[in-house]
Amino acid sequence: MHEKQNNRLKNILSLLQQKEKVTISEISSILNVSDMTVRRDLKEMQKEGFIKRTHGGAVLSSGSITIEDPYTINKETTRNIRQKSLIGEKAASLINPNETIFFDSGSTTFFVAKFANKRMPFTAVCCTFKNAIEFYKWSDVNLVLLGGFLHRDSNIFQSVYNTSQISNIRADKAFISSAGVDEELGLTTFFYFEADIKKAMIASAKKKILVVDSSKFGNISVTFFADLDDIDMVITDEGISQEYREIIRSKNIELCIA
């Protein structure tokens, strides 16, 4: 997605936050682009799950992320948003009252946080601003935010104390995302400090749940943080290949298709 289109999508979302419905002619007039360009943008936004097309215009999809949400439009969160929403909703349904939950970094865990029942008492341990902001308004949720230096590109708080703080917590569940899932080379991510947090959460959680869309299987990123065997459950979408379905089941890992 190039920068001009990216900015148009932000503006269209902003318009939909202000009005329940916008028409193609309104968008083209405000953004000073052709109707054909607007139709292409709306087609892309509908494909990714942001909006629903109406006769001559569009409305926000039910449960769509809003312009106020951090991490709203960028390369990772907008990619496969429909699948990530389904995965997030399914994962969030596994949270039980009074549990302690680790939410690691990554675009898919954002959707777990987004769909979590915030009127239910539980403890959320977060290492990113975007996940923490989903919980801070809700008094039933005990929020633990791991502090430190905020990396704005990844939205992760980094501190030498983060991993030791995590190791002193015992969580019922950890929701872990991954940039790559490979049978031989395991689970990988990009940032080394992100990998350290993931490792600590996996070590301190009773149940480790990998939440990844199907495009991540067979991919390898630069920093290793766990073997696939370290995971108890995988939640993904129906696009996962038959090969990886069999690999996961052969390792006695529970596979859930959202």
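In this text, all values refer to a predicted model and were calculated from it rather than measured experimentally. Both backbone and side-chain heavy atoms feed into the values below; hydrogens, waters and symmetry mates do not.
- There is no path of hydrophobic side-chain contacts, each under 4.5 Å, that joins Phe103 to Ile169.
- Cluster annotation: Val125 is not connected to Phe110 through the hydrophobic network of ILVMFWY side chains, with a link wherever side-chain heavy atoms come within less than 4.5 Å.
- Under a hydrophobic-cluster definition in which Ile, Leu, Val, Met, Phe, Trp and Tyr are linked whenever side-chain heavy atoms come within less than 4.5 Å, directly or via other members, Val234 and Val181 are assigned to the same cluster.
- Partner of Leu86 under the side-chain contact (heavy atoms from CB on, under 4.5 Å) criterion, chosen from Arg82, Lys90, Gln83: Arg82.
- Scanning both residues, Leu146 and Cys127, for their nearest heavy atoms gives CD1-CB, 3.9 Å.
- Judged by distance alone, with hydrogens and angles left aside, the side-chain atoms of Lys173 form a donor-acceptor pair with the main-chain N or O of Leu94 at under 3.5 Å.
- A side-chain donor-acceptor contact under 3.5 Å links Ser177 to the backbone of Ser105.
- Lys118 places a side-chain N or O within 3.5 Å of a backbone atom of Ala113 that can act as its donor or acceptor partner.
- A 6.0 Å sphere centred on CZ of Arg170 holds more than 12 heavy atoms belonging to other residues, nucleotides or ligands.
- Transitive grouping of hydrophobic side chains (ILVMFWY, heavy atoms separated by less than 4.5 Å) keeps Leu150 and Phe193 in distinct clusters.
- Atom CG of Asn32 is surrounded by 12 or fewer heavy atoms from other residues, nucleotides or ligands within 6.0 Å.
- Remark: the backbone N or O of Phe190 is paired with a side-chain donor or acceptor of Thr223 at under 3.5 angstrom.
- Using modelled atom types, no side-chain atom of Asp196 and backbone atom of Thr163 make a donor-acceptor pair closer than 3.5 Å.
- For Tyr244, the ring-ring contact (aromatic ring centres under 6.0 Å, His included) partners two or more places apart in sequence, or in a different chain, are Phe217.
- Contact record, Met233 with Ile231: O-CG2, 3.0 Å, taken as the closest heavy-atom pair.
- From Ile253, atom CD1 reaches atom CG of Asp230 across 9.0 Å, with rounding to the nearest 0.5 Å.
- Counting Ile, Leu, Val, Met, Phe, Trp and Tyr side chains that sit under 4.5 Å apart, directly or through other members, Ile220 shares a hydrophobic cluster with Leu185.
- In this structure the side chain of Ser178 reaches within 4.5 angstrom of the side chain of Phe225, judged on heavy atoms.
- Note on ring orientation: taking the six-membered ring where Trp is involved, the planes of Phe135 and Phe122 are perpendicular (angle over 60°, cut-offs 30° and 60°).
- In the hydrophobic cluster analysis, where Ile, Leu, Val, Met, Phe, Trp and Tyr join through side-chain heavy atoms closer than 4.5 angstrom, Ile176 is grouped apart from Phe224.
- Contact check on Asp104 versus Lys198 returns a salt bridge, with a Lys/Arg side-chain nitrogen under 4.0 Å from an Asp/Glu carboxylate oxygen.
- Rounding to the nearest 0.5 angstrom, the gap separating the CG atom in Leu210 from the CD atom in Glu254 is 13.0 Å.
- Atoms CG and OG, on Asp41 and Ser28 in that order, are 11.0 Å from each other to the nearest 0.5 Å.
- In this structure, CD1 on Ile166 lies 6.0 Å from CZ on Phe102, to the nearest 0.5 angstrom.
- Atom CD of Gln242 sits in a crowded spot, with more than 12 heavy atoms from other residues, nucleotides or ligands closer than 6.0 Å.
- In this structure, the side chain of Arg245 engages the main chain of Ile240 through a donor-acceptor pair within 3.5 Å.
- Judged by distance alone, with hydrogens and angles left aside, the side-chain atoms of Thr100 form no donor-acceptor pair with the main-chain N or O of Ala171 at under 3.5 Å.
- To the nearest 0.5 angstrom, Ile209 atom CD1 is 13.0 Å from Ile87 atom CD1.
- At least one donor-acceptor pair closer than 3.5 Å links the side chain of Asp213 to the backbone N or O of Ser215.
- Cation-pi geometry between Lys84 and Phe111 is not met: the NZ or CZ atom fails to fall both under 6.0 Å from the ring centre and inside 45° of the normal.
- Legend: residues meeting ring-ring contact (aromatic ring centres under 6.0 Å, His included) with Phe149, ordered by chain and number and at least two apart, are His151.
- Taking the charged nitrogens against the carboxylate oxygens, Lys251 and Asp229 do have a contact shorter than 4.0 Å, which makes a salt bridge.
- Rounding to the nearest 0.5 Å places CZ of Arg39 at 7.5 Å from CE of Met36.
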